[in-house]
Protein chains: 2
Amino acid sequence: MAQSPSKSQSESGSGSIQVIDRLTALLEAIARNRDPVSLKVLSAETELHPSTAFRILASAIENGLVAREGSNYRLGIRLLQLGSRVASHQDLRREARPLMETLRDQIGETVNLTVRQGDEVVYLDRALPERMMRVEQRIGSRAPLHVTAVGKLMLGEGSEADCRAYAQRTGLPGYTRYSLTDEEQLVQHVSGCVRAGFAYDDEEAETGVGCIGVLVHDDAGQIVAGLSISAPIERRRDEWIELLKATAQELSTQLG
Amino acid sequence: MAQSPSKSQSESGSGSIQVIDRLTALLEAIARNRDPVSLKVLSAETELHPSTAFRILASAIENGLVAREGSNYRLGIRLLQLGSRVASHQDLRREARPLMETLRDQIGETVNLTVRQGDEVVYLDRALPERMMRVEQRIGSRAPLHVTAVGKLMLGEGSEADCRAYAQRTGLPGYTRYSLTDEEQLVQHVSGCVRAGFAYDDEEAETGVGCIGVLVHDDAGQIVAGLSISAPIERRRDEWIELLKATAQELSTQLG
DNA sequence: GGGCCATATTTCGTATCGTGAAATCGATTG
DNA sequence: CAATCGATTTCACGATACGAAATATGGCCC
């Protein structure tokens, strides 16, 4: 491989080009912090030598990927452009947006559009209600399948073997005391969700947050996305289930 | 040698780290094309050796910056996340969004929020009307100051010397037959706009598109942003000027 | 104001890492 | 089945990015 066996090869997984891995780690580190970050912090968080981090950041700045504020770093405006050009599922998002907004207006809570990527769901888009307390998922952020409503449905739609494989692979980490962390329990639960045609998330990802999720299929019956409502658990209403199903159905029709 | 011996650093300007420049060029090239692009095309557009482009893309994929579709490339979902985390002017966008939507609903045309960056305006956000024909600017995209309503105001707010320097630096490239490409003319025009407190863009950036722009100041009188309406030229109405000014004023107040 | 500490930035010799020519693989077409 | 074109892999080379250490910068306390 690229590195010698003894050498670091740090961080999550690995990539083939060192500088790109490091650049990504830096961007990630900047993104993680809400406010502009100092070189000190960045080099500490990425375990890069300060001068190395500095050089990479300087190059990133020249390329507009990073911006400076005083002697702190923030994400650059070019990332806005690139982010808005991400074409994956662009058609899906375009079709879904108005439907999501309508649903959001009907129920007054956050509506999310997600897709599966590997063992996680990725939040593609969302419609936020105008109220002070609401659940807000960042676009592009991820969550494991087994702690989200949509994710559990996606697990359930596969074979039982797939679900068990997922459980083995990930070890079913728990996030709250309600997370399903037992393989048997998960397999049972998940098939129940599929039969019902929707899934709850009962504070499994974050305490206090409850969701209802359904799947969106294309005309060939393939799963193309998930649609969910996220709300403070005590505000969640079962009446939403039918509205959500109807919205997903309409989206399916539009796509098919 | 990386490039030909005589040509040390290629492309637009230069950056300090070769791979990062190249990665950025590749991302840019992918973004430029609406559909997924082949390696062939990418290596041609970036003038990189195919195997080099391939290696960099492979690394970018491992880092989620790029995704594959068959043997074509598109921007990766991680860019969505990074793009949504760009904190620059986040407060500004948050404050502006509802005001922009209100204005959009009043007039039924696209409302844009822009900031100056160097010799260009960057589109930070926009509110789009629900109609078939509309003007749509991509978030994060850029345009030269002298062909946009807001840009002309920004030029006009500076000293005449700054404006002339801008003209010299850029050579005032024309985009349509209405673009102002003469320094004298521009200097005159621009100061007129500032006096009026708003500016038109009369098909100067794109034929058929007309805009009205105003500036947003903070409590110290500094320019923080520009607000503009973009519409097919024949639909544009002078009544919008006062609405736009009022919206900008309200935003100023909220920020100050 | 001056001295001191903590960061940021620059320098520079060196080993590493990325490079690109060329070979291989794989699919498509005549 | 040969021929062609593009994607992918290999590999030896040397340009490139690395990081320790030196130097600048700036904030803070006395």
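Letters A, B, ... are given to chains in the order of the sequence lines, protein chains preceding strands, and every chain is numbered from 1. Both backbone and side-chain heavy atoms feed into the values below; hydrogens, waters and symmetry mates do not. Computed from a predicted model, the values in this text were never measured in an experiment.
Between the CG atom of A/Leu48 and the P atom of D/dA17 there is a distance of 15 Å, rounded to whole Å. Taking atom CZ on A/Arg22 and atom C1' on D/dC18, their separation rounds to 7 Å, with Å as the unit. Rounded to whole angstrom, the span from the NE2 atom of B/His49 across to the C1' atom of C/dA23 amounts to 12 Å. The CG-P distance, from A/Leu23 to C/dG18, rounds to 12 Å in whole Å. Between B/Asp21 atom CG and D/dA17 atom C1' there is a gap of 13 Å when expressed in whole angstrom units. One can place CD1 of A/Ile20 at 13 Å from C1' of D/dA17, the figure rounded to the nearest angstrom.
End-to-end axis angle of the helix from C/dG1-D/dC30 to C/dG30-D/dC1, from C1' rotation axes over five pairs per end: 40° (rounded to 10 degrees).
Looking at the side chain of B/Ile56, the nearest of the listed nucleotides C/dG20, D/dC18, C/dT19 is C/dT19.
Residues passing the salt bridge (charged side-chain N to carboxylate O under 4.0 Å, His left out) test with B/Arg94: none are found, sequence neighbours excluded. For A/Glu160, the salt bridge (charged side-chain N to carboxylate O under 4.0 Å, His left out) partners at least two apart in sequence or on another chain are A/Arg164. Every residue meeting the ring-ring contact (aromatic ring centres under 6.0 Å, His included) condition with B/Tyr166, not counting sequence neighbours, appears here in chain and number order: B/His146. Taking A/Ala225 as the reference, A/Leu92, A/Leu113, A/Val115, A/Val216 meet the side chain to side chain contact (heavy atoms under 4.5 Å, CB included) condition, with sequence neighbours excluded. Applying the side chain to side chain contact (heavy atoms under 4.5 Å, CB included) test to B/Gln249 and every residue at least two apart in sequence or in another chain returns B/Ser252, B/Thr253.
Environment of CD in A/Glu206: sparse, with no more than 12 heavy atoms of neighbouring residues, nucleotides or ligands closer than 6.0 Å.
Side-chain N/O atoms of B/Thr52 include one lying less than 4.0 angstrom from OP1 or OP2 on C/dG20. An OP1 or OP2 oxygen of D/dA17 is reached within less than 4.0 angstrom by no side-chain nitrogen or oxygen of A/Gln18.
Contacts classified as ring pair (Phe, Tyr, Trp, His ring centres under 6.0 Å) and involving residues 21-40 of chain B (residues at least two apart or in different chains) are not found. Legend: salt bridge (charged side-chain N to carboxylate O under 4.0 Å, His left out) pairs involving residues 136-156 of chain A, not counting sequence neighbours, sorted by first then second residue: A/Arg126-A/Glu136, A/Arg134-A/Glu136, A/Lys152-A/Glu204.
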Problem - Protein-to-nucleotide contact annotation, 5' to 3' order, nucleotides 7-13 of chain C [B base; S sugar-phosphate only; - none; under 4.0 Å, heavy atom] - result: SSBB---
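Put simply, the side chain of B/Ser59 never gets that close to the backbone of A/Ile20: no donor and acceptor are under 3.5 Å apart.
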